[in-house]
Amino acid sequence: MNDDKMDGWVSRQLQAVEAALDRLVPSDTPAGLGAAMRYAVLDGGKRLRPLLVMAACEAVAGDTPAALRAAVAVELIHAYSLVHDDMPCMDDDALRRGKPTVHVQFGEAQAMLAGDAMQALAFEVLTPDDGMAPALQARLVALLARAAGHAGMAGGQAIDLASVGRPLTEAALRDMHRRKTGALLQASVLMGAACGQTDASSWDALRAYGDALGLAFQVVDDILDVTQASETLGKTAGKDSECNKPTYVSVLGLGEARRQADALRDQAMTALSRSGLAHTDRLAWLADKVVDRHH
């Protein structure tokens, strides 16, 4: 699929996701909480997770309105995690998506509450009173909760904080990032697929694709952290090294990290080719963009 055609698809999806976020993230809230929530999630970010949801939904000819709700929910979880991750008690960062972090702009207490409220809102978005079958609601909630909780993102963040200044093996590093970053990216693919019909073989192939893509994203993130400027990244460059955190670059070296990213892309593409699904072009294109990105 050529880039012009994909760019058009991406633009349409991003407009739909942004409009849905604008509609569903409230502004009329107690004590200005909505302003902090909207600051955290609107008008910024690559929206990779929502794009994966929508691409996977198309691959299985799924329910687009349900997938759009799933896309909004996963982006809310991602945004809340960034708000908390940037706080002084965690990574203590002042720049995110090219602007001051939420706790810098609104204060630490408001940032904490905004993250809490976005997490809750994600599950509210997945459980509308009508328009989505209860069984699908339950499946989407389960996929997102498992990816975000102790066995997934939150658990990975806990390992990350506990690993500061400590050497990690490649296997331990991979386990941490499968949880911290990979679980939510994989869940994005599976939530999109859950909006349609798949057999066990296709589901397992999409799971493998999401797993490889999630790790590739983190490997590239670690590479960019040491090769790009803050202005390009939209966040503080060199932060992991400054905080003495183990990364793919510190554990493997820059050259091997790049080779790992390419190998993981190959794994993702192989998984798509055995999925048996006819319309995986967008998922393949997104895998290329993850590995070839510069920010």
Side-chain angles (χ1 to χ4, degrees), residues 47-64 66-71 73-75 77-78 81 122-123 126 135-157 159 170-171 173-221 260-291:
R47 305 291 194 227
L48 171 63
R49 291 152 191 84
L51 290 173
L52 286 169
V53 174
M54 303 310 294
C57 176
E58 289 193 16
V60 300
D63 180 342
T64 300
L68 183 58
R69 282 188 170 270
V74 77
E75 188 67 8
I77 292 292
H78 175 55
S81 76
F123 295 101
L126 289 177
L136 178 55
Q137 292 185 25
R139 192 175 191 193
L140 293 173
V141 165
L143 286 166
L144 187 55
R146 288 169 188 156
H150 68 276
M153 182 182 70
Q157 288 174 319
I159 296 170
E170 182 185 349
L173 185 69
R174 181 174 289 234
D175 176 66
M176 176 178 76
H177 286 309
R178 267 204 170 100
R179 299 170 189 270
K180 183 183 175 186
T181 304
L184 200 58
L185 286 161
Q186 183 186 60
S188 301
V189 176
L190 296 179
M191 289 170 75
C195 294
Q197 298 295 320
T198 58
D199 58 25
S201 176
S202 296
W203 183 265
D204 286 345
L206 289 173
R207 184 191 296 277
Y209 163 85
D211 180 54
L213 183 78
L215 283 174
F217 183 92
Q218 185 59 55
V219 174
V220 174
D221 236 30
Q260 284 272 353
D262 287 334
L264 287 162
R265 169 172 37 194
D266 291 345
Q267 290 176 32
M269 297 302 192
T270 298
L272 287 182
S273 69
R274 64 179 171 81
S275 70
L277 299 170
H279 303 294
T280 59
D281 313 23
R282 304 197 198 285
L283 290 170
W285 186 88
L286 287 169
D288 279 335
K289 289 299 179 184
V290 162
V291 174

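The first residue of the sequence shown is numbered 1, and numbering continues consecutively from there.
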Side chain proximity check, Leu126 to Met191, heavy atoms < 4.5 angstrom: yes
Side chains of Gln218 and Leu215: closer than 4.5 Å at any heavy-atom pair? no
Can you run down the ring-ring contact (aromatic ring centres under 6.0 Å, His included) pairs that involve residues 184-214, sequence neighbours left out, and say none if there aren't any? none
Can you run down the salt bridge (Lys or Arg N to Asp or Glu O under 4.0 Å) pairs that involve residues 205-219, sequence neighbours left out, and say none if there aren't any? Arg178-Asp211
Give me the atom names and distance for the closest heavy-atom approach of Ala268 to Leu213. CB-N, 4.5 Å
Only distances under 3.5 Å count here; give the side-chain donor-acceptor pairs of residues 135-154 to other protein atoms, sequence neighbours excluded, each with its distance to 0.1 Å.
| unit_1 | atom_1 | unit_2 | atom_2 | d |
| --- | --- | --- | --- | --- |
| Gln137 | NE2 | Pro128 | O | 3.1 |
| Gln137 | NE2 | Met132 | O | 3.0 |

Residues Asp175, Ile159; criterion side-chain contact (heavy atoms from CB on, under 4.5 Å); working and verdict: CA-CA 9 Å; Asp175 176 66; Ile159 296 170; 4.0 Å; yes
Identify, with sequence neighbours excluded, every residue that meets side chain to side chain donor-acceptor pair (under 3.5 Å) alongside [X].
| X | result |
| --- | --- |
| Asp63 | none |
| His177 | none |
| Gln260 | Glu170, Arg174 |

Applying side chain to side chain contact (heavy atoms under 4.5 Å, CB included), name anything that partners Val220, two or more places apart in sequence or on another chain. Leu224, Ala261, Arg293
What residues form a side chain to side chain contact (heavy atoms under 4.5 Å, CB included) with Asp262, not counting sequence neighbours? Arg265, Val291
Would you give the length of the straight line joining atom CG of Leu48 to atom NZ of Lys289, rounded to the nearest 0.5 angstrom? 12.5 Å
CG (Leu184) and CD (Glu75) are apart, to the nearest 0.5 Å, by 9.0 Å
For residues 183-200, pull every pair meeting side chain to side chain donor-acceptor pair (under 3.5 Å), keeping only residues two or more places apart or in separate chains. Asp199-Ser202
Side-chain donor-acceptor distances from residues 50-61 under 3.5 Å, at least two apart:
| unit_1 | atom_1 | unit_2 | atom_2 | d |
| --- | --- | --- | --- | --- |
| Glu58 | OE1 | Arg282 | NE | 2.7 |
| Glu58 | OE2 | Trp9 | NE1 | 2.7 |

For Arg69, salt bridge (charged side-chain N to carboxylate O under 4.0 Å, His left out) partners two or more places apart: none
Show which side-chain atoms of residues 269-277 pair as donor or acceptor with protein atoms under 3.5 Å away, not counting sequence neighbours.
| unit_1 | atom_1 | unit_2 | atom_2 | d |
| --- | --- | --- | --- | --- |
| Thr270 | OG1 | Asp266 | O | 2.9 |
| Ser273 | OG | Thr270 | O | 2.7 |
| Ser275 | OG | Leu272 | O | 2.7 |
| Ser275 | OG | Leu277 | N | 3.2 |

